Amino acid sequence: MNVSMLLLFPHHNFLRSFSKTFFRNYQFIFHSGTRFGSGFICTRPLNYIGLYHAKWMLLLSSFKRKLGVQTTIKLHTEGFSDKERRYVDKLYTGLIQGKRASLAEAITLIESTHSRKRDLAQVLLQMVLTYHREQEQSNKGKPLAFRVGLSGPPGAGKSTFIDYFGKMLTENGHKVSVLAVDPSSSTSGGSLLGDKTRMIELSKDMNAYIRPSPTRGTLGGVTRTTNEAILLCEGGGYDVILIETVGVGQSEFAVADMVDMFVLLLPPAGGDELQGIKRGIIEMADLVAITKADGDLIVPARRIQTEYTSAMKLLRKRSKVWRPKVVRISARTGEGITEMWDKMKEFQDLMLASSEFISKRQKQQKVWMWNLIQENVLEHFQNCSSVKDQIPLLEEKVAAGDISPGLAADLLLKAFKAQN
Ligand SMILES: Nc1nc2c(ncn2[C@@H]2O[C@H](COP(=O)(O)OP(=O)(O)OP(=O)(O)O)[C@@H](O)[C@H]2O)c(=O)[nH]1
C-alpha cells in the first residue's frame, strides 16, 4: 500500500473539516489531533495539489477564529489614517506586554468623550478582547482574572484594607489592579477614591496599578468606562481586579453588575452610622467583612458579625452553590484577611465548577450592551429635533395634569418615529 504521512499544526477540529473537503480522494487510515497539532496517515501519496491545499488551509486555520473579529475591526478602521493605526497598534502591543504607561494611556483613550478617540478606543478594545479569548482558550476556558467589587460607607476602612490586601496578593505572585469608581469625581473636580495617598504601600508596588475611574457623574459613565478599563487591565496581565466604590449611591449597583464577586465592607458601628447603606446593597453581597476588628473594636465587631450572619440567612438565595458569608477583619493587625481571601477563592472555585461563574459573566456582557444602547438611544431621542422642541411643553402639560403621561409619551414617540 502506498502510504503518505502529513503532520499539520492547526487544531484538529479544523483538520476534520479540511480533510473532508480537500482530501475526499485520500483514504485516511489514521488521523489524530492534540492541542499542539494534528497529523494523519493516508493510503495514497499526497500530490502537489494536495500539499498546496494543506499549506493554504494551514494558513487559513490560524486566522479562522480571528476572521469574524478581523472583519469587524477592518470595518471600524477603514477611515483611520496610518498614524492612527500605528497609534492603536503601539498601545495594544505595549498593553499586552504589560507596560503600565500603555495601560494608563489606553484607559485615558477609553475615557475620552471625543468621537474619533472613541472609535480608536473601540478598535483597541476589540483587539484586546480577541487576545483575551485566545488566552482564555489556552487556559482551558478559565477566566484570566478575578473581578471583585468592594463597597462600603465612607470611613469603613476600604483604602486601608485594599492597601493591606493588595500587598498580600502581590507578595503571593498576583498582579493587582484597583479601579476606584467615584461618581462624585466630576462634581468635586477630582477623584477622591482614586487618590493614591489612600493606598500608600500599594501605590509603590510595581505589581499593582491604581486608577480612579472618572465617570462623568452618570451611571452610564460608570458602566462604560469601568467595564472597559477592566478589560484593559486584564489585557495588561492583572489577574485580580478590585473595583472600589462608596456604598451610598447607585454606582455600587452598577459595579455589582460587572464583577464576579461583590464584597461589602462594614465598620463595627451602630445602626445610625450605617443608615446610608441601602438594604439592597446588602442583598447583592457575596461576602460581608466587618472591618477594624482590633483593640476596643473587637467586641462591637463580633456583635455586628453575629447580627449580619443572622440577617443574611433571611435573604433570598442567589446562587445554588454559595451562601453569603460574614467575616471579621482588621487591616491594622492583618487578622482575618488571609482567611477572607481563602473564602473568596472558595467562592471562585465553586462558581467556576458549577458554571455559574461563566453564565454570570455572559449575562453581564449582555447587560453592559443593553445599558449602553439604552443610554445612547435616550440621548438620540432627546436630541432629535422634532422631539426636542415638544419636550418642555409636554412635560408642563403632564405635570399640570392636562394630558396623561402615556399620551405625551405616545406623541413624542410618534414625532421621533416620523423623523427616523
Ligand atoms: N482600628 C482600625 N482602624 C482602621 C482600620 N482600617 C482603617 N482604619 C481607620 O479608619 C479610618 C478610615 O479608614 P479608610 O481606610 O480611610 O476608610 P475608607 O472607607 O477608605 O474611607 P473613605 O476614603 O472616606 O471612603 C482611618 O482613620 C483608618 O486609620 C483597622 O483595621 N483598624
Side-chain angles (χ1 to χ4, degrees), residues 148-169 176-205 208-215 217 222 226 240-256 259 262-278 281-282 284-285 287-305 308 326-341 343-344:
V148 180
L150 290 168
S151 189
K158 297 181 292 301
S159 50
T160 315
F161 166 73
I162 295 173
D163 205 26
Y164 187 97
F165 183 59
K167 279 301 284 180
M168 186 188 94
L169 293 178
V176 180
S177 97
V178 181
L179 298 171
V181 174
D182 184 359
S184 63
S185 61
S186 60
T187 42
S188 64
S191 187
L192 298 171
L193 282 180
D195 183 352
K196 287 191 179 176
T197 55
R198 297 172 73 241
M199 297 158 204
I200 295 165
E201 291 305 315
L202 200 61
S203 59
K204 289 187 269 179
D205 191 326
Y209 178 78
I210 304 173
R211 172 91 182 198
S213 195
T215 56
V222 174
T226 312
V240 180
I241 318 285
L242 304 176
I243 299 125
E244 183 196 6
T245 175
V246 189
V248 287
Q250 286 297 316
S251 63
E252 60 273 19
F253 289 96
V255 168
V259 294
F262 190 71
V263 178
L264 189 61
L265 300 179
L266 294 178
D272 285 353
E273 283 133 298
L274 298 180
Q275 279 293 309
I277 283 283
K278 297 209 167 60
I281 203 63
I282 294 162
M284 310 286 287
L287 186 71
V288 174
I290 312 298
T291 55
K292 309 184 194 182
D294 50 54
D296 293 348
L297 293 170
I298 289 188
V299 177
R302 277 205 196 114
R303 185 175 43 82
I304 302 267
Q305 184 187 19
Y308 273 88
V326 186
V327 295
R328 235 176 27 236
I329 54 164
S330 165
R332 221 165 246 183
T333 63
E335 184 90 18
I337 297 187
T338 312
E339 292 77 8
M340 178 178 171
W341 176 233
K343 291 241 169 343
M344 291 163 78

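All values below come from the heavy atoms of this structure, side chains included, with hydrogens, waters and symmetry mates left out. Indexing begins at 1, ligand by ligand and atom by atom, following the structure's order. Position 1 is the first residue of the sequence; numbering continues from there. In this text the structure is predicted, and so the values were computed from the model without any measurement.
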Best match, D163, D294, L265, T160: closest heavy atom to atom 30 (C) of ligand 1: D294
Under 3.5 Å: N/O of R332 near N/O of ligand 1: yes
N or O pair under 3.5 Å between G157 and ligand 1: yes
Residue pair V148 / M344, side-chain heavy-atom distance below 4.5 Å: yes
contact_flag G295 ligand 1 heavy-atom lt 4.0 Å: no
Min side-chain heavy-atom separation M199-V178 under 4.5 Å: yes
Any side-chain heavy-atom pair of L266 and V288 under 4.5 Å: yes
Interfacing atoms of ligand 1 (cut-off 4.0 Å, heavy-atom, K158): 15 (O), 17 (O), 18 (P), 19 (O), 20 (O), 25 (O)
Under 3.5 Å donor-acceptor, D163 side chain and L202 backbone: yes
Nearest heavy-atom neighbours spanning I337 and M168: CG2-SD, 4.0 Å
Atom indices of ligand 1, in the order listed, that fall short of 4.0 Å to a heavy atom of S330: 31 (O)
L264 side chain reached by L287 side chain, heavy atoms, under 4.5 Å: no
Closest to atom 24 (O) of ligand 1 (judged by heavy-atom distance), picking from G336, S159, G155: G155
Heteroatom proximity flag, F161 to ligand 1, N/O under 3.5 Å: no
Test side chain to side chain donor-acceptor pair (under 3.5 Å) applied to D205 - qualifying residues, sequence neighbours left out: K167, T170
N or O pair under 3.5 Å between P154 and ligand 1: no
